[in-house]
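Only one structure is covered here, and it is reproduced in the block below.
Numbering of residues begins at 1 and proceeds along the displayed sequence.
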Amino acid sequence: MLSAVLPFRQQCGKHLRILHNFTSTRHLSTMIPSWATYDPYSAGTKGKEVYAVPNLVDGQWSHDSKQTLSIIDPLDKDKDPIFTICDTQEDEIQPFIDSLRKVPKSGLHNPFKKPERYLQYGDISRKAGHALMDPDIAEYFARTIMSCVPKSHAQALGEVRVSAQFLNNFGGDNVRQLARSFGVPGDHYGQMTVGHRWPFGPVAIVSPFNFPLEIPCLQLMGALFMGNKPVLKPSEQVSVVMEQFLRLLHDCGMDMTDVDFLNCRGPVAQKVIVDTPVRLTQFTGSSRVGELLSAATHGKVRLEDAGFDWKLIGPDVGDVDYVAWQCDQDAYASIGQKCSAQSICFVHENWKSVGLVDKMKELAMKRNLQDLTVGPTLTVTTKQFLDHTNKLAAIDGASILWGGKELADHNIPDKYGACEPTAVFVPLSEMMKGDNFEACATEIFAPFQVITYYNDETLSDVLDALERMSHHLTAAVVSNDVAFQTKVLSNTVNGTTYTGRRARTTGAPQNHWFGPAGDPRGAGIGTIEAIQLVWSCHREIIHDALIPDNWVQPKNS
């Protein structure tokens, strides 16, 4: 195990200082937990041995892959790699296939088999939630997240807090309650039909880079609660986060054989999924990859894929500073790399006189690299970002409202994007035209948004635009006008929709469903209903044991 490292202030280098400057002294703990094996405070330091993330298969950590991938520092291209991962090849996946083939379709536990495991996972969840509430462990995970996804400290710590609250929610008996059955009286004496929540058995989770702890933690635990055995394939760029979380779960009592952990590229992961008896794959990420997995698995997927998320600001004006701040947070927090980020904002013309868009611009221009309220985009290059910006700005009547430039004075690797928070105004009438609409409704997963105005007469055009969009994850109806709310809500479909003056597009706390609507493959996250939908199926068992004493054999029918 690692011992404590030097105080964070003593670490050298401009970009290590970036990670430090924005936080107060009470967040300076550099304690490495006893179960942890990765040091986020010195990752990438010249001359330091690069940490190697292993695979976990059938209860054993393994570095057996012939090849490795080096994960570069996302803030400084001149630093050493922050860690390496096993680059598992197709001819090396047999141990994973063998491990998953040991799992029966009835799962590791179910309402009839080993029900004590529901209680065990309640205890594991309680211990893990308690651990993540510890300030030093919370800080350790926040820094581990930031080492590979350079979001702000507040955003990284928010991930840890949501994960802790989720785990706390399912401490004790609540895991068992997930498998609650229901009974219906039968047709005759001695008959009773009972509906049960049943596991799938061997399952797979493919998780994204942007929330390297929260999303895989919540989906992984849901799968385990219901009795499944998952193979977890994280995004290569952030693999170390879930590796360390698995080590925490092992420390909290989880059997090492309950989860397999696979580091590889996408095609290898798909081969594992297709060549083993994996009966469900939960995927969070791009819609393109989601569709490929859906085809490869013949539809045995649950998807939480791309979200081109809209905000509709209604005709009733008020709380202007708050609305502007929430718009800025929704569009640009976590560097815009949220599936729930505000991608397009429809603003009623009544807000022009109070300068809402000007206030949004003022807030966006305060964001900077020093406090990581802006930073690298890990899926979009600078060129791709600026090409998209300029394409939309070339539409008749369109203009760049702010941003549209590369960040100044940075050393971000060329493979990533480095652009200012950006907004492009596009007239609604032009947006609605064929090719223009396709371009305006394209999600680029970066600190970028489209802004347009509408009025009472053109609200129908806005509703038509919302109908034409292809993915329906989150949305916000910013209005306290009940009639306006009702009209918009009754004509839209987004799975997670906030409404009211404080409405937002971002936000996936543990207390409410987060997921898309309008697609039968949609995956939810976080709540009892989400876990039951994604990680279990319905099984009906009819108990019918008592034959009446006066039974007479009827004629054949």
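The number of heavy atoms from other shown groups lying within 6.0 Å of NE2 (His250) is above 12. Around atom CE of Met133, no more than 12 heavy atoms belonging to other residues, nucleotides or ligands sit under 6.0 Å away. Other residues, nucleotides and ligands place no more than 12 heavy atoms under 6.0 Å from the CG atom of Asp414.
Using a 4.0 Å cut-off between charged side-chain N and carboxylate O, Lys66 and Glu92 make a salt bridge. We find that Asp123 and Lys127 are joined by a salt bridge, their nearest charged nitrogen and carboxylate oxygen being less than 4.0 Å apart. Salt bridge annotation for Asp328-Arg367: present, with a cationic side-chain nitrogen under 4.0 angstrom from a carboxylate oxygen. Between Asp80 and Lys48 there is no salt bridge, since none of the side-chain N atoms of the basic residue sits less than 4.0 Å from a carboxylate O of the acidic one.
The side-chain hydrogen bond (donor to acceptor under 3.5 Å, both in side chains) search around Lys405 returns none, not counting sequence neighbours. Scanning for side-chain hydrogen bond (donor to acceptor under 3.5 Å, both in side chains) contacts around Asp258 gives Arg117, Tyr121, with sequence neighbours left out. With sequence neighbours excluded, the residues satisfying side-chain hydrogen bond (donor to acceptor under 3.5 Å, both in side chains) with Gln384 are Thr381. With sequence neighbours excluded, the residues satisfying salt bridge (Lys or Arg N to Asp or Glu O under 4.0 Å) with Asp319 are Arg501. Applying the side-chain hydrogen bond (donor to acceptor under 3.5 Å, both in side chains) criterion to Tyr332, with sequence neighbours excluded, gives Trp402, Gln449.
Residues Glu90 and Cys264 form no side-chain contact, since every pair of their non-hydrogen atoms from C-beta on lies 4.5 Å or further apart. Side-chain atoms of Leu157 and Phe141, non-hydrogen and from C-beta on, never get closer than 4.5 Å to each other.
Side chain to side chain, Thr474 and Asn494 fail the donor-acceptor criterion of an N or O pair below 3.5 Å.
Using cut-offs of 30° and 60° on the angle between ring planes, the pair Phe166 and Phe225 is parallel.
Scanning both residues, Pro376 and Gln337, for their nearest heavy atoms gives O-NE2, 3.3 Å.
Taking the centre of each ring, His512 and Tyr498 come in below the 6.0 Å mark.
At least one test fails for Arg302 against the ring of Trp535: distance under 6.0 Å to the centre or angle within 45° of the axis. In this structure, Lys229 is not positioned above the aromatic face of Phe200 in the sense of NZ or CZ being under 6.0 Å from the six-membered ring centre and within 45° of the axis.
Annotation: salt bridge (Lys or Arg N to Asp or Glu O under 4.0 Å) contacts involving residues 504-516, sequence neighbours excluded, are absent.
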